[in-house]
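A short write-up of the structure that comes next.
Lettering follows sequence order; numbering is per chain, from 1.
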Amino acid sequence: MNTLAIAWDSIWHHRSRSILTALGVIIGVFAVVTLTSLGGGVKTFVNQKFAGIGANLITVSPGLPHNHLNGSSHHFGPGGAKAFTSIPSTLTVADVKALNHSHHRDLVSATGIVTVPDLITYHRKSPSASIMGVSSSYYSMQHLIAAQGSVARSGIVLGHSLAHSLFGKGHALGRVISVGSKTFSVSGVLASALGAPGFHPNNTAYLPLNTALSLSGQRYVSEIILAASSPQSVAHAVTTANHILASHHPSHNYRIITSQEILKTVTNTTSVITDFLAGIAGISLLVGGIGIMNIMLVTVSERFREIGIRKALGARNADILVQFLTESVLLAVIGGLVGTMFSGVATHFVAKAVGIPAGLTVSAVVTAVLFSIAVGAVFGVLPAMRAARLMPAEALRTE
Amino acid sequence: MTNEMPTMPQIQLSNLSRRYGEGESTVHALRNVTLNIKAGEMVALMGPSGSGKSSLMNILGLFDRPTGGGFTLAGEDMTRLTPRQQASFRGRRIAFVFQGIHLLPRLTALHNVELPMAYARITSSQRRRAAVDALEQLDVISLRDRYPSQMSGGQAQRVAIARAIAPGPDLLLADEPTGALDRKSGALVLGAFQALHQQTGVTIVLVTHDPYVAQHAERIVYLEDGQLVNDEAVTDRVLVDSSTSLGGSS
């Protein structure tokens, strides 16, 4: 009879009690592994879907002049946070033109973007969609393709779901919709697209940049989007863009953010949320461990006589300690493995339903098992030490 | 058995004392008990409850330490053993048979008998051989794969005796070994002790309150109020016919 067999025998003998005890660990491990796996899936999803599209894009947005930022170069730091909103843009169509004519091999194209604060109306339907003025190069930058019509004409181009909410299954091309006080005929409908982080291409209407500027009475563009020739040349393109823009904006009142930085922020945020949730789930694992300790303490007092017999037969304190510790660790590991299995099933279905590539990872399983071992060991030590210290000579003398 | 000098007693207790508590409430469980038991003796230890039998058994079984006096087993001082050394003596050199039988319920007879040798880190082939020998010696080899719940009380107690003797102990301590058995099974068990004693020459200390059971030993020691009050050889020893004990089919 080796130690493991003895431990298993004891667990098996008290099956229902063991299941209830392990349940705490099952739930704890299930929660931790599921949340970690789903979080990892979201991260992978974000990386896979957005990185490919937007990895070579650079955004120039209005910023506070450099001397206002106290030298801080953090775009998302305390200085930069203010810069997100309510900074009047000073970026102009001339800037866009200058960037477009850089003739630098790393800087392929530039487009201004202007947001039009108006509503789209068609037959008293006014879906909440954003309206943007863009240059024609914008579509290729964002990998937006026309499903109907063309993006090159002078009318309005609608995102996939926007067109659907306006016209249902009906034909969209040529229909006239109003934006504010003006009317435009639909010249193109985009195919469904994912878009780079921060963009919702399916629920946006696009107008030519100059049309949009005059429609909203604005002199400045909201943002400039640049495309580098490849994700690897982004750094060079940023340098070039900076050089060109600095000559137009000596006060340096703009910020340059690469898609990779945005992606990093999104990924980091996801990680923080995942860790936070896993931490909360870890509390249930703690409760599970306390359950094990509780039951093991009961087991020790129940098996007072068995401990006495074993000691009378020459078991050392260490033998008894190992025996009870093995039992609690085995119980926790069984709980951990069952929890991981449930988690695998749950993750699979949730991932399928939500559409993210999540699944059990080797590291999640290994972590779960190691955690279970730790829980079993930590919470098994006290009962096992109590068992080992017993000297129940008296228990043997009475029947 | 062991190679001690013939003149040296197997068990030597000199002025052995055991006190519990301090000051006013001190209980003297054992007072200056001096007792020598030679190798191969079969001694019955008698006395009313509270006489100190249990205290003496606990000290002999290395479950407890004396507060005064000496205790040597085969010339070795037992009062200075570390807990680890005590554990290695228990089960292997000092073996027990209890009133309550105390076989582990979820182990077969064979595994129960092997257990003390497993704790003594004896290799599995050696302990298997010793266990089978012991079960044969107690005529319970047919029970080797049975669980305690599938045995009668007498059978279980003989498996327990086999478990005690399998490692070849210097001393076999039997604490009311027939206390839980009916008269017929009790006789079989006492016969088993006698046969074992005769065949292997193991030293046996038999604790009992039953004068009839004590008559099966060679010598009876009486304890009263923690003191040794009488020590006499048994003149009219009861001998169980070994053909009905070890050969019997209980």
Kindly check if the number of other-residue, nucleotide or ligand heavy atoms within 6.0 Å of [atom1] ([X]) is above 12?
X: B/Arg121; atom1: CZ; value: yes
X: B/Tyr20; atom1: OH; value: yes
X: B/Phe89; atom1: CZ; value: yes
X: B/Glu224; atom1: CD; value: no

**Request:** Salt-bridge test for B/Arg84 and A/Asp319: reply yes if a basic N is under 4.0 Å from a carboxylate O, no otherwise.
**Result:**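 No salt bridge links B/Arg84 with A/Asp319.
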
Using distance only, find each side-chain donor-acceptor pair of residues 323-339 of chain A under 3.5 Å and give its atom names and separation, not counting sequence neighbours.
unit_1   : atom_1 : unit_2   : atom_2 : d
A/Gln323 : OE1    : A/Arg310 : NE     : 3.4
A/Gln323 : NE2    : A/Glu306 : OE2    : 3.1
A/Thr326 : OG1    : A/Val322 : O      : 2.5
A/Glu327 : OE1    : A/Ser10  : OG     : 3.2
A/Glu327 : OE1    : A/Arg303 : NH1    : 3.1
A/Glu327 : OE1    : A/Arg303 : NH2    : 3.3
A/Glu327 : OE2    : A/Ser10  : OG     : 2.8
A/Glu327 : OE2    : A/Arg303 : NH1    : 3.2
A/Ser328 : OG     : A/Leu325 : O      : 3.0
A/Ser328 : OG     : A/Gly376 : O      : 3.1

**Message:** So which atom in A/Ala315 and which in B/Ala87 form the shortest heavy-atom distance, rounded to 0.1 Å?
**Reply:**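 Taking A/Ala315 first and B/Ala87 second, the nearest heavy atoms are O-CB, 3.8 Å.
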
With rounding to the nearest 0.5 angstrom, report the [atom1] to [atom2] distance, [X] to [Y].
X: B/Phe96; Y: A/Ile309; atom1: CZ; atom2: CD1; answer: 12.5 Å
X: A/Ile6; Y: B/Leu107; atom1: CD1; atom2: CG; answer: 7.0 Å
X: A/Asp9; Y: B/Arg106; atom1: CG; atom2: CZ; answer: 4.5 Å
X: A/Leu313; Y: B/Arg90; atom1: CG; atom2: CZ; answer: 10.0 Å

**Request:** Could you have a look at B/Arg163, B/Arg92, B/Met117 and say which one has the most heavy-atom pairs with chain A under 4.5 angstrom?
**Result:** B/Arg163

**Message:** B/Tyr212: which residues meet the ring pair (Phe, Tyr, Trp, His ring centres under 6.0 Å) condition with it, sequence neighbours left out?
**Reply:** B/His216

